[in-house]
Amino acid sequence: MPQPQPQPQPPAPLSRLPRLVARPAAAVAAALALLLTGCTAAAPDGSDGRIRLRFQSLAWQKESVDANKELVREWNARHPDIRVEYVQGSWDSVHDQLLTSFEGGEAPDVIHDASDDLADFAHGGYLADLRGLLSERLTSDIPRRSWETVTFGEGVYGVPFLQEPRVLIAEKGIIESSGVRVPTPEHPWSWEEFREVAKVLTAAMGKGRYAVAWPLREPVSATLNLGLSAGGRLFHRGDDGKVTIRFTEGDAMVPGTIHDQVNTDRTASPSTLGAGGSDALPGLFGGKYAMVPLGFSYRQQVVSQAPEGFEWMVLPAPAGPGGAVQGVSPQTLSIARDSPYKKEAAAFIDFLLRPANTVRLAKGDWMLPTGEKALADPSLRVAEHGWATGTALARGLRPAPAQSVRGYPEWKDKVATPAYQEYYSGAIDREELEKRLVKDGNLVLARYQR
């Protein structure tokens, strides 16, 4: 049986946040008052005397883009002397684009990214250390575990604000008619039970149909983050601060389940292994698959694309002995180190992440806020579209295993992605998977830790 869920910890007071420096409330209030009245000591960068900030957003869903642009307009209406320009970025190219802009001295003032993309930028000196810039309201509302995702060395280089668990999006009729136990966030399927459930569903669905479609074109983060519940960590930091890779039984649980579903049980479709999440949805809608493991935000696409009459449900992902625990890399807001308007940029971030505004951003992206006050909003705890399932899983979200590992992007692209893809397809066995991840992976990491 799954172990009891870990109890949520109360938000850490500012003095306990990882290396964040508390600012006296009066000083924060005075600084913000100056900013909000435009009486700042920073020199304006326009002939009209206004300070101009560039905010690069990676919002891509229409609801999310609209929410971000509306908040920028509201800020500009209230702060005529500190104008924010909305700049549209793309998740597909953000790392290389930011690196180029940093090196060219043209980085946006406020940067939207993900926490697992920040390590090299933080260590490279491209991002501002946010200690002393953020209000106590903001720092105390976001749990310590979330702040850990943006803490590198002695500094804090981003504000984690949106996150999403991985869930199973399932056709309701197939699940309910099969007679299998329907999992809940409190009692998810174990990985062993999930494998048996998949056998029952596949047998009931008939030839040419599968219980599961694993869209694993980008297999690394899904594999590592789901593996936390089984005790997998893969990356281990020694007393000297250096990270090495070790492959344990906990690390083998999730990839082993996926491999066996595809190659042994024949309960998972082999054709979706190279697909993206969106590519698997038509098969779900057409009854070819009963379940698709996806990020929580994919619900938006289900709502907008599913044919009329399609009934679906959101189920928690399977869990190991550690309960419904997952790794997560929250979306973040950072400030460029070279920005001459760091205090103004921090004030804008504070405005964006007021609880009511964060709820708007979360709904626009179909994700969950990290802030406790926003997460408690009743509109995010309704049964419709699985919101309540997601908010119940939020307490089990933890920093992704590779969160602070320098060289992770190269290891992921050059070593882990091809190794996992070949293992899942049956081209290599577990021994070869471990060899590549560990031996080849440690060679990559070593270059970043000399």
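Note that the numbering runs from 1 along the sequence shown for the chain. Values below: every heavy atom of this structure, side chains too, minus hydrogens, waters and symmetry copies. If you're wondering where the values come from, they're calculated on a predicted model, not measured in any experiment.
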So does [X] pair up with [Y], basic N to acidic O under 4.0 Å?
X: Lys242; Y: Asp240; value: no
X: Lys62; Y: Asp66; value: yes
X: Arg181; Y: Glu193; value: yes
X: Glu196; Y: Lys199; value: yes
X: Glu74; Y: Arg360; value: yes

What are the two closest heavy atoms between [X] and [Y], and how far apart are they?
X: Ser178; Y: Ile175; answer: OG-O, 2.8 Å
X: Gln421; Y: Leu216; answer: NE2-O, 4.1 Å
X: Val110; Y: Ala345; answer: CG2-CB, 3.7 Å
X: Leu168; Y: Ala317; answer: CG-CA, 4.3 Å
X: Gln261; Y: Ala198; answer: NE2-CB, 3.7 Å

Taking the side chain as every heavy atom from C-beta outward, state whether [X] and [Y] have any pair of such atoms under 4.5 Å apart.
X: Ser90; Y: Trp60; value: no
X: Pro401; Y: Leu228; value: yes
X: Ile258; Y: Tyr420; value: no
X: Leu353; Y: Leu361; value: yes
X: Val159; Y: Thr332; value: no
X: Thr389; Y: Thr184; value: no
X: Leu118; Y: Ser334; value: yes
X: Arg337; Y: Tyr157; value: no

Is there a donor-acceptor pair closer than 3.5 Å between any side-chain N or O of [X] and the backbone N or O of [Y]?
X: Thr149; Y: Ser115; answer: no
X: Thr391; Y: Trp387; answer: yes
X: Asp279; Y: Gly276; answer: yes
X: Ser304; Y: Gln301; answer: yes
X: Gln88; Y: Ala59; answer: yes
X: Asn263; Y: Tyr424; answer: yes
X: Thr370; Y: Pro160; answer: yes
X: Arg54; Y: Ala107; answer: yes
X: Asp129; Y: Val156; answer: yes
X: Arg398; Y: Arg395; answer: yes

Supply the atom-to-atom distance [X] [atom1] to [Y] [atom2], rounded to the nearest 0.5 angstrom.
X: Ser297; Y: Leu162; atom1: OG; atom2: CG; answer: 10.0 Å
X: Leu98; Y: Asp117; atom1: CG; atom2: CG; answer: 7.0 Å
X: Ser278; Y: Leu281; atom1: OG; atom2: CG; answer: 6.0 Å
X: Leu127; Y: Asp113; atom1: CG; atom2: CG; answer: 8.5 Å
X: Arg237; Y: Gln449; atom1: CZ; atom2: CD; answer: 7.0 Å
X: Glu410; Y: Asp120; atom1: CD; atom2: CG; answer: 9.5 Å

Task: Other residues, nucleotides, ligands: >12 heavy atoms within 6.0 Å of Glu106 CD - done: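 No, CD of Glu106 has 12 or fewer neighbouring heavy atoms, counting only those of other groups under 6.0 Å.
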
Anything under 3.5 Å between a donor and an acceptor, one on a side chain of residues 433-441, the other on a protein residue two or more places apart or in another chain? List them.
unit_1: Arg436; atom_1: NE; unit_2: Glu432; atom_2: OE2; d: 3.1
unit_1: Arg436; atom_1: NH1; unit_2: Glu422; atom_2: OE2; d: 3.0
unit_1: Arg436; atom_1: NH2; unit_2: Glu422; atom_2: OE1; d: 3.2

- [ ] Mind telling me whether His385 and Trp312 have parallel, tilted or perpendicular rings, with 30° and 60° as the class edges?
- [x] parallel

Open item on the list: Which label fits Phe194 and Trp191: parallel for a plane angle under 30°, tilted from 30 to 60°, or perpendicular past 60°?
Closed with: perpendicular

TODO: Taking atom types as modelled, find out whether Gln97 and Gln56 have a side-chain donor-acceptor pair closer than 3.5 angstrom.
DONE: yes

Open item on the list: I'd like to know if the side chain of Lys288 pairs up with that of Ser269 as donor and acceptor (distance under 3.5 Å, no hydrogens or angles considered).
Closed with: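 Their side chains do not contain a donor-acceptor pair, so the 3.5 Å distance test is not met.
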
[X] ring center near [Y] ring center (under 6.0 Å):
X: Trp75; Y: Phe348; answer: yes
X: Tyr448; Y: His123; answer: no
X: Phe235; Y: Trp411; answer: yes
X: Phe161; Y: His112; answer: yes
X: His259; Y: Tyr423; answer: yes

Open item on the list: Please determine whether side chain to side chain contact (heavy atoms under 4.5 Å, CB included) holds for the pair Tyr86 and Leu71, giving the CA-CA distance in whole Å, both sets of side-chain angles, and the decisive distance to 0.1 Å.
Closed with: CA-CA 10 Å; Tyr86 180 93; Leu71 287 170; over 6 Å; no

- [ ] Output, in order, the C-alpha distance, side-chain angles, deciding distance and verdict of side chain to side chain contact (heavy atoms under 4.5 Å, CB included) for Arg166 and Phe296.
- [x] CA-CA 6 Å; Arg166 291 185 180 272; Phe296 194 55; over 6 Å; no

TODO: State which residue, out of Leu234, Leu224, Ile245, fulfils the side-chain contact (heavy atoms from CB on, under 4.5 Å) condition with Asp251.
DONE: Leu234

Task: For Phe55, the option from Asp109, Asn68, Val87 that meets side-chain contact (heavy atoms from CB on, under 4.5 Å) - done: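 It is Asn68, the one option of Asp109, Asn68, Val87 that forms the side-chain contact (heavy atoms from CB on, under 4.5 Å) with Phe55.
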
TODO: Begin with the C-alpha distance, continue with both residues' side-chain angles, and end with the deciding distance and a verdict on salt bridge (charged side-chain N to carboxylate O under 4.0 Å, His left out) for Glu63 and Arg299.
DONE: CA-CA 13 Å; Glu63 294 165 278; Arg299 297 169 303 129; over 6 Å; no

TODO: Could you check Leu443 against Val415 for side chain to side chain contact (heavy atoms under 4.5 Å, CB included), going step by step and ending with a plain yes or no?
DONE: CA-CA 10 Å; Leu443 289 175; Val415 176; over 6 Å; no

TODO: Show the numbers, then the answer: is there a side chain to side chain contact (heavy atoms under 4.5 Å, CB included) between Arg381 and Asp377?
DONE: CA-CA 7 Å; Arg381 294 179 172 268; Asp377 190 281; over 6 Å; no

